[in-house]
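Structure first, commentary second.
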Amino acid sequence: MTGLKQFVRNSYLFNQLSGEVSYHFSPLYKKRPLVIYQMGKVGSESVEHSLASYQLGCPIYRAHALRKEHLQRGLQAAHLTPREYFKRSRHGFRGQLLARQLARDLHKGGWRVVTMVRDPVAQNISAFFQVIDMLIPDLAVRLSRGTLTNEELMPVFLKNYPPDGVYIRWFDLEMKPSFDIDVFATPFPVAKGFEIYHEPHVDLLLLRLEDLDRCAAAAFAEFLGIDDFRITKKNDAKNKDYNDLYTRFRNEAVFPRSYVDGVYGSKYAQHFYTTAELAGFRSRLKVSD
């Protein structure tokens with residue numbers, strides 16, 4: 001029985017079929033979900049896990065991409081087939097179901113969405129290491145031999161996470177076309193650490209990851225009426241096989257100044273962080289001219 005359960009869980013075709021069936025019979029079809037919709041490596045799994053412990057009376061769904069063209073570009077960039085992507089993540093299925101639900105029901109209103117932002121260089125580094133085994137096929141061997149250097153990793157990082165990459169433009173590529181919310185239209189309240197955007201069809205809670213410990217309780221109390229909300233951290237790089245390599249790259253790698261200037265000069269960085277905060281992020285990096 002254990003073997004059968006494992007097969008069912010890992011079968012791409014079975015899950016594709018069951019996803020179609022569940023769309024019509026699951027709570028997603030019958031009731032508006034609470035959607036955790038944001039870029040990868042910004043704490044979405046921790047928020048989902050934490051919210052699941054509260055009796056919210058609605059399903060919770062987490063997705064990084066709802067736009068089909070965006071997901072396809074991501075698969076192509078990572079040289080993944082849909083089947084291979086499924087082996088690593090169920091986000092593709094969640095995104096397909098949510099996108100279909102949005103197309104049918106967004107105009108009816110009642111949607112609630114949670115999203116977060118993070119220091120974009122730190123996020124890019126974290127995202128890079130999340131998929132590093134796809135970008136460096138012999139990673140396991142190189143890790144066991146200890147032969148991977150920061151100098152070798154940097155060109156791979158810069159190629160896949162450029163200053164004008166997908167993460168930097170995620171709100172324009174994903175959030176705006178999916179929910180018709182332009183988070184850049186009004187200033188972000190940096191001192192508060194979060195903002196709630198009210199639109200006729202959707203309410204959006206946006207938080208900064210750096211402020212989560214100090215403002216999560218207030219944010220989720222205001223947004224969902226949860227008393228004493230607490231975050232339980234999940235999917236931490238400290239628990240990954242590549243933790244030592246990740247730590248060494250984050251602390252010792254030398255980044256081109258053009259890259260750092262491009263990322264921290266972006267609309268995304270300038271909107272959500274103050275000049276002093278961006279300077280603080282820069283100070284943690286080693287930068288070359």
Side-chain angles (χ1 to χ4, degrees), residues 34-54 56 60 62-64 112-127 129-130 161 167-172 174-176 179 181-199 202-239 246-247 250-251 260 263-285:
L34 172 64
V35 182
I36 302 169
Y37 177 42
Q38 60 189 58
M39 298 167 278
K41 307 310 296 179
V42 194
S44 61
E45 190 170 343
S46 295
V47 171
E48 179 186 33
H49 180 75
S50 302
L51 286 172
S53 64
Y54 295 88
L56 299 179
I60 301 172
R62 177 165 57 97
H64 297 319
R112 294 177 298 177
V113 179
V114 177
T115 195
M116 291 198 295
V117 297
R118 179 185 183 183
D119 165 6
V121 172
Q123 184 206 3
N124 280 348
I125 294 173
S126 186
F129 278 89
Q130 181 73 14
Y161 296 88
Y167 286 138
I168 297 296
R169 298 179 291 126
W170 187 88
F171 281 98
D172 288 327
E174 280 283 336
M175 182 64 75
K176 189 174 181 179
F179 286 99
I181 295 179
D182 182 2
V183 298
F184 299 113
T186 56
F188 181 78
V190 172
K192 184 179 179 183
F194 71 93
E195 180 66 294
I196 298 176
Y197 305 82
H198 298 286
E199 297 293 340
V202 59
D203 292 326
L204 169 69
L205 168 63
L206 190 154
L207 309 96
R208 303 194 313 176
L209 183 66
E210 294 81 5
D211 295 320
L212 208 53
D213 289 339
R214 75 173 177 88
C215 73
F220 283 99
E222 183 177 342
F223 189 62
L224 297 175
I226 297 175
D227 294 327
D228 195 29
F229 177 80
R230 300 186 182 204
I231 286 286
T232 302
K233 293 184 179 180
K234 297 282 286 184
N235 200 22
D236 196 317
K238 293 179 181 178
N239 301 320
Y246 166 79
T247 301
R250 184 188 60 191
N251 294 335
V260 176
V263 172
Y264 288 137
S266 67
K267 176 174 71 171
Y268 171 91
Q270 296 286 322
H271 184 78
F272 293 113
Y273 298 95
T274 66
T275 301
E277 287 171 332
L278 295 177
F281 295 155
R282 284 174 177 267
S283 70
R284 301 171 190 168
L285 303 173

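Hydrogens, waters and symmetry mates play no part in the numbers below; they use all other heavy atoms, side chains included.
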Do you know which two heavy atoms are closest between [X] and [Y], and how far apart they sit?
X: Y54; Y: I226; answer: CE2-CG2, 3.4 Å
X: I36; Y: S44; answer: CG2-CB, 3.9 Å
X: E210; Y: D119; answer: OE2-N, 2.7 Å
X: V42; Y: Q123; answer: CG2-NE2, 3.4 Å
X: I168; Y: P120; answer: CD1-CB, 3.7 Å
X: M39; Y: M116; answer: CE-O, 4.0 Å

From CA spacing to verdict: side chain to side chain contact (heavy atoms under 4.5 Å, CB included), R230, D228: CA-CA 6 Å; R230 300 186 182 204; D228 195 29; 3.4 Å; yes
Nearest 0.5 Å please: distance from the [atom1] atom of [X] over to the [atom2] atom of [Y].
X: D203; Y: H198; atom1: CG; atom2: NE2; answer: 5.5 Å
X: L285; Y: I125; atom1: CG; atom2: CD1; answer: 6.0 Å
X: Q270; Y: L278; atom1: CD; atom2: CG; answer: 5.5 Å
X: T274; Y: F188; atom1: OG1; atom2: CZ; answer: 11.5 Å
X: M175; Y: I181; atom1: CE; atom2: CD1; answer: 6.5 Å
X: K267; Y: D172; atom1: NZ; atom2: CG; answer: 3.5 Å

Donor-acceptor under 3.5 Å ([X] side chain, [Y] main chain):
X: R118; Y: K41; answer: yes
X: W170; Y: G40; answer: no
X: S50; Y: T232; answer: yes
X: S283; Y: G280; answer: yes
X: T115; Y: Y37; answer: yes
X: H271; Y: A185; answer: no
X: Y167; Y: A127; answer: no

Residues which pass side-chain contact (heavy atoms from CB on, under 4.5 Å) with D213, listed by chain and number, not counting sequence neighbours: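 Testing D213 for side-chain contact (heavy atoms from CB on, under 4.5 Å), a comparison that skips the adjacent residues, returns none.
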Verdict with supporting geometry, V260 and R282, side chain to side chain contact (heavy atoms under 4.5 Å, CB included): CA-CA 8 Å; V260 176; R282 284 174 177 267; 3.6 Å; yes
Trace of the side chain to side chain contact (heavy atoms under 4.5 Å, CB included) decision for F220 with V47: CA-CA 11 Å; F220 283 99; V47 171; 4.1 Å; yes
Residues, nucleotides or ligands: over 12 heavy atoms within 6.0 Å of R169 CZ: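 Yes.
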Of all pairs that satisfy salt bridge (Lys or Arg N to Asp or Glu O under 4.0 Å), the ones with a partner from residues 268-280, not counting sequence neighbours: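 Found R208-E277.
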Aromatic ring proximity, centroids under 6.0 angstrom, F179 and Y197: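 No - the distance between ring centres of Y197 and F179 does not fall below the 6.0 Å cut-off.
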Derivation and outcome, ring pair (Phe, Tyr, Trp, His ring centres under 6.0 Å), residues F223 and F229: CA-CA 11 Å; F223 189 62; F229 177 80; over 10 Å; no
Criterion side chain to side chain contact (heavy atoms under 4.5 Å, CB included) on L205 and L224, from CA distance to verdict: CA-CA 10 Å; L205 168 63; L224 297 175; over 6 Å; no
Test ring pair (Phe, Tyr, Trp, His ring centres under 6.0 Å) applied to Y264 and Y273, step by step: CA-CA 9 Å; Y264 288 137; Y273 298 95; 8.4 Å; no
